[in-house]
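Each remark here refers to the structure printed beneath this line.
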Amino acid sequence: SDTGVVGYVRDLSGNGFDLTSTGDDTTRPTWNLNGGLPYLNFDGSNDLLRRAADLGLHAAARITGFSVFAAARGNPATNGRLFTINDSASPNTLFGILQAGNATASDNVCQYRNNAGGAVDLSLLPLLPNAYPNTDQVVGTTDTGTLVTAYLNAGNAVSQSYTDTGTYNQSVTTVGALIRNTTSNWWAGRLYALVAVKRVLSVPEIRNLSTYLAKKMGVVV
């Protein structure tokens, strides 16, 4: 029902990558009907959904790449992690895919840090919702394993190459915050939908997916 708390989100792909909450009703996002354009609202302080396993995106990136796109609206008062995959037992491992600001570099689209703490800092243009506050946006990332490209509303793409090193132990997939050996970098805002694909989408596919996600928010891109 409208404004009800959400502790379970089912993966529509059929792969069983469902998300659940980490605690009681006070730590869960709320469901908002929004006149037929529903979204999950994350408060930026303790709302979090997660899967206690990774999605295999980073391993796939070294072969065929991956794509992650979301329909979202950020809260300008909070910089945080919208979607990450990490090692819940380690302070080092970080696989930040969609984020808005962090302790070491503002407005990154991605930041990777391996088990040893070696970082690949992809300081791209600020394309996440927090960089465009209080506005519904389609944001996305594709990664070939050597090149990350960020997208805003199917256009305004910017790319950066990188060289990956080391290994990444990944034990948890999170929406709304960053889980490593502690939980931090809470994200505030609306999440209408999120799509993760284990390959790099083509430009026409990105355009079609962005159109689909925009309709979830009642906007046109």
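Numbers here simply count residues along the sequence, with the first being 1.
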Considering all heavy atoms, the nearest V221-S210 contact: CG2-O, 3.6 Å

Contacts of N41 that satisfy side chain to side chain donor-acceptor pair (under 3.5 Å) - sequence neighbours left out: none

Where K215 and L37 come nearest, the two heavy atoms and their spacing: O-CD2, 3.7 Å

Ring centroid separation F95 to F66 under 6.0 Å: yes

Main-chain N/O of G145 paired with D143 side-chain donor or acceptor, under 3.5 Å: yes

Where D11 and G16 come nearest, the two heavy atoms and their spacing: OD2-N, 3.4 Å

Salt bridge (charged side-chain N to carboxylate O under 4.0 Å, His left out) involving D25 - partner list, sequence neighbours excluded: R28

Interatomic spacing from CG in D136 to CZ in R73 - rounded to 0.5 Å: 4.0 Å

Geometric class of the W187/F42 ring pair [parallel <30°, tilted 30-60°, perpendicular >60°]: perpendicular

Rounded distance [0.5 Å steps], CH2 in W186 versus CG in L48: 5.0 Å

Gap between atom CG of N181 and atom OG of S88 - 0.5 Å precision: 9.0 Å

Nearest-0.5 Å distance that lies between atom CG in N208 and atom OG in S202: 8.0 Å

Rounded distance [0.5 Å steps], OG in S67 versus CG in L57: 9.5 Å

Residue pair A177 / T183: nearest heavy atoms and the distance that separates them: CB-CG2, 4.2 Å

Any donor-acceptor pair under 3.5 Å from S161 side chain to T146 backbone: no

Test side chain to side chain contact (heavy atoms under 4.5 Å, CB included) applied to I206 and F69, step by step: CA-CA 9 Å; I206 290 171; F69 282 77; 3.8 Å; yes

Partner of R81 under side chain to side chain contact (heavy atoms under 4.5 Å, CB included), chosen from N185, L98, T174: N185

Shared hydrophobic cluster for Y151 and L213 (ILVMFWY, side-chain gaps under 4.5 Å): yes

Derivation and outcome, side chain to side chain contact (heavy atoms under 4.5 Å, CB included), residues D18 and R10: CA-CA 5 Å; D18 305 324; R10 185 167 63 91; 3.6 Å; yes

Pair T141-T149, side chain to side chain contact (heavy atoms under 4.5 Å, CB included): steps then yes or no: CA-CA 6 Å; T141 297; T149 302; over 6 Å; no

Transitive ILVMFWY side-chain link L40 to L82, under 4.5 Å: yes

Path from F17 to L191 over hydrophobic side-chain contacts below 4.5 Å: yes

Candidate list N86, N115, N169, T167, test side-chain hydrogen bond (donor to acceptor under 3.5 Å, both in side chains), partner T93, passing option: N115

Summary of ring pair (Phe, Tyr, Trp, His ring centres under 6.0 Å) pairs that have at least one residue in residues 191-221, sequence neighbours excluded: Y39-Y192

Sole candidate of V175, L19, T84, T20 that passes side chain to side chain contact (heavy atoms under 4.5 Å, CB included) when paired with R50: T20

Smallest separation among heavy atoms of L201 and V197, with atom names: CD2-CG1, 4.1 Å

Joint cluster assignment, L178 & I97, ILVMFWY side-chain distance < 4.5 Å: no

Backbone of A116 reached by a side-chain donor or acceptor of N114 within 3.5 Å: yes

Test side chain to side chain contact (heavy atoms under 4.5 Å, CB included) applied to M217 and V138, step by step: CA-CA 9 Å; M217 303 180 291; V138 177; 3.7 Å; yes

Shortest non-hydrogen contact from G96 toward Y112: O-CE2, 4.0 Å

Hydrophobic cluster membership, L194 vs V200, 4.5 Å side-chain cutoff: no

Separation of D87 CG from R113 CZ (nearest 0.5 Å): 13.0 Å

